[in-house]
Structure formats: C-alpha cells, structure tokens
2 protein chains.
Amino acid sequence: MSNPRRGDSPKNSKTRIQARNEARILDAAQTVFAEHGFGGATVDRIAARAKMSKPNVHYYFKRKSDLYLAVLMRTLDIWLAPLKDLDPDGDPAQELRHYISRKLHFSRENPTASRIFATEILQGAPVLERYLGEDLRTLVERKAKVIRHWIDTGRLAAVDPYHLIFLIWAATQHYADFTPQVTAVMGRESLSKGEFERIEDSLCKIILDGLLPRGKA
Amino acid sequence: MSNPRRGDSPKNSKTRIQARNEARILDAAQTVFAEHGFGGATVDRIAARAKMSKPNVHYYFKRKSDLYLAVLMRTLDIWLAPLKDLDPDGDPAQELRHYISRKLHFSRENPTASRIFATEILQGAPVLERYLGEDLRTLVERKAKVIRHWIDTGRLAAVDPYHLIFLIWAATQHYADFTPQVTAVMGRESLSKGEFERIEDSLCKIILDGLLPRGKA
DNA sequence: AAATTATTTGACCGTTTGGTCAGGATCAAC
DNA sequence: GTTGATCCTGACCAAACGGTCAAATAATTT
C-alpha cells in the first residue's frame, strides 16, 4: 500500500537498466552458446559481445549455467507455439501447411534460438531432459491424437503421427541449424526470403502430395 | 626390395600398437567431440575415455585440432556413400527408398559420427566449410540432375531436387542427432531396430505417397 | 643380450577459464 | 545536495586448459 509502483513480492521490481542489460546479455549469450555449445562458450566472449565487463555479466547472472538456463527458457515458448496451435477442427492439409509455414518462419527469424536447442539436444539434453519427458511429451501426445483422428476419419493417409511430427521438425529446423551446409551446397551466400518461400512450397508439396505422380500410373 | 613388410614410402609403416592406439583415440575423440563440440571437448577427457595418459594422446596427435580434423575426415566417406549410389537408371521410388534406408541405417549404426557433423555445421563449419562448397556441392549438383531427369521423364512429381535431398538428410539424421528428444517424447529408453523399421516405413510412405489420401476425394 | 627404436608417463609451464571482491561511479529519492 | 541503493570495473584467485619434456619402460632389430 505504501509504494504503488513496486510489484507485490519484496524484491520483485526491475529497473529499466536491469531489464535492458539482462536482455542484452541474454541476446549475446544466445549467440555465443549457439556457436560454441555450453562448454565451448566463455563468459568473456559473452561479455564482449554484450559490450560489458565480465564481472558485470556476473552481476546479473551469478553463474554461467544460470545464463544458459535462462537462454533456454526464454526461447521455449516461441519454439513450441506453432505446434500448440494445431487445430483439430481445421482442414488437415491447411493446418499442416500452416504449421510448416510457422516453423519455417521461426527458423528464418530465430536461427540462433533454434541452434541453441539443437546443441542442447545434441549434447544429450542435460538441462532440458526433464522438460522433454514431461511437458513436451504431453503436448506431442495430445497433438498426435489430433493427427490420428484425421487419419481415422479418412482425411489423412495412415502414417505414424509421431514420425510425421519429427519429420516436420527436422525438415524445418534444418534450414536454421545447418545453414552453412545448405548455403554451401546451393552456392549461395545466404537464404533470402524468396528462397524460404520456395522451401515452404517444396516441403508442403512433398509432405502432402508425395513424390510419386498423382492421377496416373 | 630389402624389407617386404614395409610400405613403399620412407616413414609409411604402422606398428600394430600404433594402429590400435590411433583407432582407440579416434573413437574416444569422436564421442567426446560429439558430446561437447570442439571447444567444449578437453584432451584430458578424450585421454580418459581412451584409457591413456594425456601426453600419450599428444604422442599420436600433436594438437587437438589435428585430432578433430582426423575424426571428421574418417567419417566423411561413410557419411557420403549412400548419396553417391543413387542410380540414374534405377526406378526412382526404389532408389529413394533405398537411399532413405541407408541413411537411416547410418544414423542407427554411427550416431556419434552423425553428431560430429551436426556440431561442426552448427558451429559454422569452420573446418568443413571448404569441403562443403567444393566436393559436397559438386556431388549434390550431380545427384540433383538425376532427380531432375526423373521429374522430366514424368516418373517423379515436380519438386526442387535440392530441398528434397535436404529433407531426406534432415529426416534421417534427426534420429541420430536428436535421440534424447525423440526418446523422451516417445517415452522410450532407446530406439530399437524394430522402431527404426517403423521409421523407415513412415518416412518412405510420407515422402513417396504424401499425406493426402490417394485414389479418392 | 646388447643396441636401437617405439611407446608411455609424471611433472611441469604458460595461458585461459569461471568466479570473487573491494571499491568507485551512477542513479533515484528526499 | 545528501543519502542509500543500484550499477560497474580493475585486480585478483584457484582451477582447468592445451601442450611440452626428460626420463622411464616396453618392443623390435641385430
């Protein structure tokens, strides 16, 4: 009742400086962790990238592992959002097309976030392990039921829903995680917005219609 | 002519001990690099895993980077072999099915080799960059022509060959690179041989036939 | 078995790492 | 403009790092 600006719990306030610097550190850390993994990243490098002194980084995040955890948590929601939106009452083709589109968009807009997850999983998911087996598993289970329902009502071919979801994850995240390989093989410097539209068309066409010609043979 | 057991060039011989230890070190290094990336891996850990002293590891591989390079090179051929075998004169469906099968088999038999490549690419491919833009690019270009020929002769739907290849790479390597995520989401401890057969069926069905039901609607 | 070569390691070095600390600078409230 | 909290940093530390070296041990050759 005395101070209306403060939050309800004792130490819950955030200075403008605090908010700005924490964001700057998290951005820098995301890039560095994505490039070198947890073990290969150094606090010095993160500090340099955030244009701060190392002790100042430690002022906001006591340990390197806290920083790593914070980066992972910050990106979890945005990483998951597209799957959550799969609508059981929508048209299957349209829903899946939309899902692929959103996942690809995420790859284009947040490549480092995608790489953070990739390195974490590649390294055995030491931090995310529990989360994967609980929240994510439950969510995928629910969405797999949606897909199975589409199959049971004859609107989708009979495929394993889990492996379909993995296929879409793999295909869309590939363009964020393996950018150097994709650009080198294609002989480009980077992947333009137009190229991402071509990717979306190709993926949707293959996954929905398949490679074998329709209507004949 | 004096010594029949030796190789032709001066220092080209390899002791049994040498061959055995180099292999042991490379195996250990492959695992450690795959788990921690180049920067996060330590020579100590590699030595411990190979059950050797650190100086002895350096006796066989002068620098950590030499070891990393050797591990990458050792797995390049086996990683590429399946794509090389795509036969222009074969049946497209059968060739692609076979390709998917072989890539999946690689994921199952050599998961750490797959992860080595994944971490290397994720970290910007500092070592493999040149190779990707030259040898790999040429190979993929050649195989893309094969696929395009199949399309032009009406045996395959019109899709971008490059993105088709990327899709197959992504989907098959996913099961090696993201094992913890796959097992956690599926609620399994590991992926059995039977599960890999299910994966192969699912992938081939989706990629060849598509998700939308055929023959009706 | 003696001599030569190949293999192995404990001890060590200079550097980098994550993390601390005392104190200075800056800000907000009165 | 004084006060108290927040913010920032140079200097520092113990541990871990990649890498070296002399000396010991094991194989191999003669």
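Here is the naming used below: chain letters follow the sequence lines, and residue numbers restart at 1 for every chain.
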Which word best sums up how the rings of A/Trp79 and A/Trp169 line up, parallel for under 30°, tilted for 30 to 60°, or perpendicular for over 60°?
tilted

Under 3.5 Å, is there a donor-acceptor pair linking the side chains of [X] and [Y]?
X        : Y        : answer
A/Gln173 : A/Ser107 : no
A/Thr172 : A/Arg102 : no
B/Glu200 : A/His163 : no

Tell me whether the NZ or CZ atom of B/Lys145 lies within the 45° cone about the ring axis of B/Trp150 and under 6.0 Å from its centre.
no

Of B/Ser65 and A/Asn21, whose closest DNA chain D nucleotide lies nearer the 5' terminus?
A/Asn21

How many whole angstroms separate atom [atom1] of [X] from atom [atom2] of [N]?
X       : N      : atom1 : atom2 : result
B/Asp44 : C/dG10 : CG    : P     : 12 Å
B/Ile25 : D/dG19 : CD1   : P     : 14 Å
A/Phe61 : C/dG18 : CZ    : P     : 16 Å
B/His58 : C/dG10 : NE2   : C1'   : 16 Å
A/Met52 : D/dT9  : CE    : P     : 8 Å
A/His36 : C/dT17 : NE2   : C1'   : 14 Å
B/Ile17 : D/dT29 : CD1   : P     : 11 Å

Categorize [X] for me: base, sugar-phosphate, or nothing, with a 4.0 angstrom heavy-atom threshold over every strand shown.
X       : value
A/Arg16 : sugar-phosphate
A/Tyr60 : sugar-phosphate
A/Ala41 : sugar-phosphate

Minimum heavy-atom distance B/His36-B/Ala41, with the two atoms named:
CB-N, 3.6 Å

Are any of [X]'s side-chain N or O atoms less than 4.0 Å away from OP1 or OP2 of [N]?
X       : N      : result
A/Arg63 : C/dG18 : no
B/Asn56 : C/dT9  : yes
A/Gln18 : D/dC7  : yes
A/Tyr59 : D/dC8  : no

Closest nucleotide among [options] to the [X] side chain:
X       : options                : answer
A/Ser53 : C/dT8, D/dC8, D/dG18   : D/dC8
A/Pro55 : C/dG18, D/dA11, D/dG18 : D/dA11
B/Val43 : C/dG19, C/dC27, D/dG18 : D/dG18
A/Lys54 : D/dG19, D/dC7, C/dG18  : C/dG18

Can you check whether any acceptor in the base of D/dG19 is under 3.5 Å from a donor in the side chain of B/Lys62, or vice versa?
no

Would you kindly check whether a donor in the side chain of A/Lys64 faces an acceptor in the base of C/dG19, or vice versa, at under 3.5 angstrom?
no

